[in-house]
Number of protein chains: 2
Amino acid sequence: MSRNANGSAPAPEGGWLDGEQQRAWLAYIRLQLRLTYEMNRQLQSDSDLSLPDYDVLTALSVAGGDPMPITVLAAQIGWERSRVSHHVRRMTQRELVRCSPSANDRRVTEVSLTRHGRTVLEAAALGHVELVRRLFFDGLPRELVGPLSQALESVYANTIARGTLPPPVDWHPPGGE
Amino acid sequence: MSRNANGSAPAPEGGWLDGEQQRAWLAYIRLQLRLTYEMNRQLQSDSDLSLPDYDVLTALSVAGGDPMPITVLAAQIGWERSRVSHHVRRMTQRELVRCSPSANDRRVTEVSLTRHGRTVLEAAALGHVELVRRLFFDGLPRELVGPLSQALESVYANTIARGTLPPPVDWHPPGGE
DNA sequence: TGGCATTGCGTGACATGTCACCTATGCTTT
DNA sequence: AAAGCATAGGTGACATGTCACGCAATGCCA
């Protein structure tokens with residue numbers, strides 16, 4: 001059915017994705033594109049934050065207020081360091097975060113939430129969580145929540161093991177290792 | 001456990017996400033960030049395409065070579081129209097796609113793959129599929145592929161029903177309606 | 001301690017994405 | 001057919017992201 005099923009184009013090593021996999025992948029990609037768009041839009045219009053802003057604030061907030069080196073932050077949210085560097089500079093101008101040189105290692109810049117940043121994040125979280133519930137969980141049958149988590153976590157672990165980006169600092173692979 | 005569980009911050013309508021949902025959502029977000037990064041990187045270095053380039057080419061290719069109006073393309077891949085417009089202009093300069101005014105409705109611009117675009121896409125698909133298999137499916141237990149598809153499709157449907165972006169042209173909601 | 005590779009980060013040039021707004025066309029109603 | 005509205009899409013200014021590179025601090029080892 002798909003034009004990839006027969007041999008009109010060269011096949012990747014190990015062949016194309018099989019039917020079940022095609023389905024899963026298409027579902028993933030489609031959803032991802034839309035969700036990202038919707039989250040961005042909602043945050044922007046309700047809280048004057050972009051989704052990337054929100055990702056940064058959340059990561060810092062989860063760290064519990066401890067200042068976080070740029071590199072660590074980058075690994076947490078899966079960005080390149082230079083992107084973090086630029087972005088943090090902009091967020092600093094908006095007083096959402098603060099940078100200070102580390103005492104231990106003077107190459108390191110540590111980023112932390114400002115009070116204002118925390119306030120903005122908490123306010124934004126309201127609408128954001130609301131949206132996530134409405135778009136994501138309201139469409140997800142209860143009994144699929146567990147399997148979904150398992151599937152995504154399992155893929156995530158694999159992504160870290162075999163991808164190019166360094167693991168987040170607090171990462172420990174699943175199972176005994 | 002989470003600082004949201006008790007009442008130190010104002011709660012969104014309907015409360016925060018519950019434990020199971022938190023887990024699923026975190027898994028989704030984390031994975032999304034990394035996967036996007038890795039796909040971008042691989043395409044860029046192996047095929048001189050960005051992930052957005054690839055999304056556009058794929059959408060056009062799936063349409064089976066029929067020219068596609070900007071608006072339709074935008075809905076397929078979940079972008080704003082103006083983004084598509086800019087992007088298509090750039091891709092035209094690289095000879096990946098072609099634009100021509102529609103005969104029926106002269107407001108409409110129809111985009112289609114060039115021969116070169118198709119060639120590039122087919123070449124890029126090799127490495128891309130390979131990466132998807134390696135990062136995604138090699139980490140996903142067989143028995144979870146089905147539930148994962150179901151979960152994602154179900155959320156996707158909800159996203160279309162309740163989101164702000166128009167549905168893709170070929171969209172029909174699941175179940176009888 | 002003097003090289004020398006490594007690490008952490010910033011920067012500048014450029015590619016990309018967003019937003020507000022413009023025009024041209026088409027549709028509908030009178 | 002003219003008025004008024006809706007729709008398709010382009011555009012320009014600006015925000016954001018990427019890439020290649022540079023500099024300074026550190027680690028390592030002879």
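The chains referred to below are lettered A, B, ... by the order of the sequence lines, with proteins before strands, and numbering in each begins at 1.
By the ring pair (Phe, Tyr, Trp, His ring centres under 6.0 Å) test, A/Y54 is found to be paired with A/H128, residues two or more places apart in sequence or in another chain being considered. For B/R23, the side chain to side chain donor-acceptor pair (under 3.5 Å) test picks out A/E153, with sequence neighbours left out. Here A/R107 pairs with A/D105 under the salt bridge (charged side-chain N to carboxylate O under 4.0 Å, His left out) rule; sequence neighbours left out. For A/D138, the salt bridge (charged side-chain N to carboxylate O under 4.0 Å, His left out) test picks out B/R162, with sequence neighbours left out. Partners of A/R115 according to the salt bridge (charged side-chain N to carboxylate O under 4.0 Å, His left out) rule, which considers only residues two or more places apart in sequence or in another chain, do not exist here. Listed by chain and residue number, B/H87 satisfy the ring pair (Phe, Tyr, Trp, His ring centres under 6.0 Å) test with B/W79 (two or more places apart in sequence, or in another chain). With sequence neighbours excluded, the residues satisfying ring pair (Phe, Tyr, Trp, His ring centres under 6.0 Å) with B/Y156 are B/W171.
One N or O on the side chain of A/N158 and one on the backbone of B/L135 form a donor-acceptor pair closer than 3.5 Å. Of the possible polar contacts, none joining the B/S85 side chain to the B/R81 backbone as a donor-acceptor pair under 3.5 Å is found.
On the nucleic acid side, DNA chain D has its first and last nucleotide under 4.0 Å of a heavy atom of chain A at D/dT16 to D/dT26, going 5' to 3'.
Of the residues in residues 31-56 of chain B, those lying under 4.0 Å from DNA chain C by heavy-atom distance are B/P52. Residues from residues 77-97 of chain A with heavy atoms under 4.0 angstrom of DNA chain C, sorted by number: A/R81, A/S82, A/S85, A/H86.
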Name every donor-acceptor pair, under 3.5 Å, that has one atom in a side chain of residues 91-99 of chain A and the other anywhere in the protein, sequence neighbours excluded.
unit_1, atom_1, unit_2, atom_2, d
A/T92, OG1, A/V88, O, 2.7
A/R94, NH1, A/D48, O, 3.4
A/R94, NH2, A/D53, OD1, 3.0
A/R94, NH2, A/D53, OD2, 2.6
A/R98, NH2, A/L113, O, 3.3

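By the rule that hydrophobic residues join a cluster once side-chain heavy atoms approach within less than 4.5 Å of another member, A/V145 and B/L26 end up as members of separate clusters.
Side-chain atoms of A/R89 and A/H86 form a donor-acceptor pair, as typed in the model, at a separation below 3.5 Å.
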Practice item. Mark up nucleotides 24-29 of chain C, 5' to 3', with B wherever a protein heavy atom is under 4.0 angstrom from a base atom, S wherever such an atom reaches only the sugar-phosphate, and - elsewhere. Key: BBS---
